[in-house]
Structure formats: structure tokens, C-alpha cells
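Remarks on the structure that follows.
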Amino acid sequence: MIYRKLGTTGLMASQLGFGAMRLPMTGEGIDACVDRERAVPMIHRAFEAGVNYIDTAVGYCNRDSQRAIGEALRGWRDRIIVSTKNHYYGPDEKEWWKNLEDSLYRLNIDCIDIYSHHGINWRHYEENVAPRLSAWMQKARDQGLIRHICTSFHDSTEALVKLVDTGYPEVITLQYNLLNRGLEEGIAYAAEKGIGIVVMGPVAGGRLGATSSILEENIPHLRKVPELALRHVLANPNVSVALSGMSTMSHVEENISVASDTPPLTEEQKRLIDDTALRIKELEKLYCTGCGYCEPCPNNVAISRIFEWYNLGRLYGYWDRATMLYREIGVKENDKRKKADSCIECGACEKNCPQNIEIIRNLKAAHTDLG
């Protein structure tokens, strides 16, 4: 296993991290829980191979991920960097502390190494973290309940730079992959300032785990798209850890193999990746970019999501996954979203589209191709 500095925390982290968001499950619905018989051996196999960074959160795996990690940590705690998050942004300090105490209890540990505000953007930082939550974080660190103040992040490069310049977080977990390279400049800036960068979604939430005819046609000698995706993230020297959500033992073995022996991408491969990404980016301009100005739809059609998945097929060749995601719309009891054939053609969405997309026509096409 290869290890990298985690910013200025003083920690050396394995470049492959175990993302505990997609652990194997047993049971259904509200009774579903992590399948310990499969999950714990997977985690231990990763630990044995040198993976020393594991990331979880309160809501992962039907709120059972932290407990499963706590069980897997027995006998390993002193060798593992444990990362988890607090999702509370409200004004009730007791509620924030309860989340922290509950996480410590579920994980069965005395101190959390990497403790994050869960999923902030710049607005959350200005309105909630800076004036209030940051003081609670610092108090928790002073009490020895957490070691490093961190955050997961969902926003623009401009917002990332502003967050780095506050000097507040020591580690930032963010999205970066072959399909989403928008934060690349911000990642470089953060690393230059001593921030540890942990990448979530190196295989784009599973999108790069499928076969992509477009990527395979454009990048010769490509053995597996997931391997290329992980290698692409690890090839960035500004990345400390690439988190991979693993749900089978084969995922663990494949990722260990890549992270333990990561030959650098050749200059030709880098050029082809850049050229392919640029070409796809140009094509994306012809389609929906997911800005969300078309929503909410009066009839609750999931317009931006439908177009996101439609683009998975049209631009990247991921038709199987796009079709699966589309067919899941409205299936779950609390999912009030509707498929494209529920469009009533009122035109409200098209008036607000900054790209002047013919949304009604494209929704019909999406339903034909995905439905």
C-alpha cells in the first residue's frame, strides 16, 4: 500500500480509503442493516492490505454503517484513521453534541480522528459554521473527543478557495473524478495551503463502474474503466486519499491491487483523457447542465435528474445504468418524483432554462430511450 501525507495533520494515510456508504446489506426497508458476515471480513481484508483510512456517516447504510465499523475496528483501532461526520446545522447545541456522542458510542471509540461538517457549501459555512458550529467543533477538539476539524464539501471552485482561505478545515472531502474535474484548480490550491484532500466518488458513484463504450473507444489499452478512474484520481499529487465505496470482496481486492501498484498514467493516456473529457464537456453544452432553474415542476417531473441520467447514456454510453436509475423514479413509497411521461407541457420549465433547451421535446425523447 502507498501512503500519503494527509495535509498538515501529521497523519500518513493510505491512498486508498474504505468508503463505508455501500456496505453489503441484509433485510429490506426500515429493517435493512449491514450484513456483518460479509462486511466485516471485507473491511478486515482492506486493513490487512494496508488500508488505514475508513469513512462513514450517521445516515449511511440505513443508519447502521457506524455500528458495523465499530465492530470491525475491534483489535485495529490504534492503526486506523476513523472519519465520520455531523450533519446537524441547526441552532440547538445539545443536538449537535448528541450527534457527536452517538457517533462515538456507535463506533465504540473515545476519539474521532477526522470529524467533518457533513456536506457544506459556502452559504452553510457563512450562515452556520462560522458563527456557531465552529465553536462547538473547537470545543470538542479541546476536550479530546475529536482530533482534526474537517468538512465534506459540495460547491464551486470559487467557494472551495474561499473556504480554504478561512484557515478553518484541516481536511476537505470532495467529489473529483473523470466525469467531474471542475474542482481540479481548487484542489491544487487547497493542497498548496496544506489542506488534506480526500476524494469521494472516484468512480462517480458507480457510473464509472460500468462499461463505457465511449471511454473505451477513445482511450486505447483500457482494461477496465473503474481501474482507469481510480488511477486517474491517484495520479493527482494533490489528492491524499481516494475513498472507494466497496460492497463486495471483489471490489476490495480490485481496489487494493490498483492502490498497491499504481503505475503512472502515460503522457499519451493523460492527453487522451483530457481530449475525451474536453470533447464530452463540449457535447454537454448542447444538453442539460443540471443548473436546476427548470424546477420545481408543477407536476413534480424530475427534470434535471432525468436529463442527468439521459446524458449518462448519450454522452458516456452508460445506457444500462441510466435506464435502471430512470425506472426507479417514484418506485419507493416516499419518492414523489415523476417520470418524463407525466409532463403536462405547461412550458414553465422552458421559460426558465438559461440554455433554451426544448425541455418538453427532450423529456419525450428521454422517456422513449429510458422508459
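Everything quoted here is computed from the prediction, not taken from an experiment. Nothing fancy with the numbering, it's 1 onward along the sequence.
- Listed by chain and residue number, Trp76 satisfy the ring-ring contact (aromatic ring centres under 6.0 Å, His included) test with Phe47 (two or more places apart in sequence, or in another chain).
- The same ILVMFWY cluster, assembled from side-chain heavy atoms under 4.5 Å apart, contains both Ile109 and Val34.
- Arg106 CZ to Glu71 CD: the interatomic distance, rounded to the nearest 0.5 Å, is 13.0 Å.
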Met249 and Arg38: CA distance, side-chain angles, deciding distance, side chain to side chain contact (heavy atoms under 4.5 Å, CB included) verdict: CA-CA 8 Å; Met249 188 64 83; Arg38 288 188 292 160; over 6 Å; no
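- Tested against Thr173, the residues Val199, Thr151, Val198, Val241 include a single side chain to side chain contact (heavy atoms under 4.5 Å, CB included) partner, Val198.
- Using cut-offs of 30° and 60° on the angle between ring planes, the pair Tyr168 and His117 is parallel.
- In this structure, Trp122 contributes its side chain and Ala159 its backbone to no donor-acceptor pair below 3.5 Å.
- A salt bridge does not link Asp369 with Lys364: none of the charged nitrogens is closer than 4.0 Å to a carboxylate oxygen.
- Separation of atoms CG (Leu163) and CZ (Phe153) is listed at 6.5 Å; rounding is to 0.5 Å.
- Residues Cys294 and Cys353 have side chains not in contact (no heavy-atom distance under 4.5 Å, counting atoms from C-beta outward).
- The hydrophobic cluster containing Ile172 does not contain Met21, counting ILVMFWY residues as joined when their side-chain heavy atoms lie under 4.5 angstrom apart, directly or transitively.
- Proximity of the aromatic rings of Tyr89 and His124 is defined here by a centroid distance below 6.0 angstrom, and this criterion is met.
- To the nearest 0.5 Å, the span separating OG on Ser103 from CG on Asn86 amounts to 7.0 Å.
- Counting only N and O atoms by type, the side chains of Ser152 and Ser116 include no donor and acceptor under 3.5 Å apart.
- For the side-chain hydrogen bond (donor to acceptor under 3.5 Å, both in side chains) with Tyr326, the qualifying choice from Lys339, His367, Arg321, Arg305 is His367, the only one to do so.
- Side chain of Asp113 to backbone of Ile146: no donor-acceptor contact under 3.5 angstrom is found.
- Rounded to the nearest 0.5 Å, atoms CE (Met12) and OG (Ser240) are 9.5 Å apart.
- A donor atom on one side chain and an acceptor atom on the other are not found under 3.5 Å apart for Glu170 and Thr8.
- Tyr176 and His232 have tilted rings, their planes meeting at an angle from 30° to 60° on a 0 to 90° scale.
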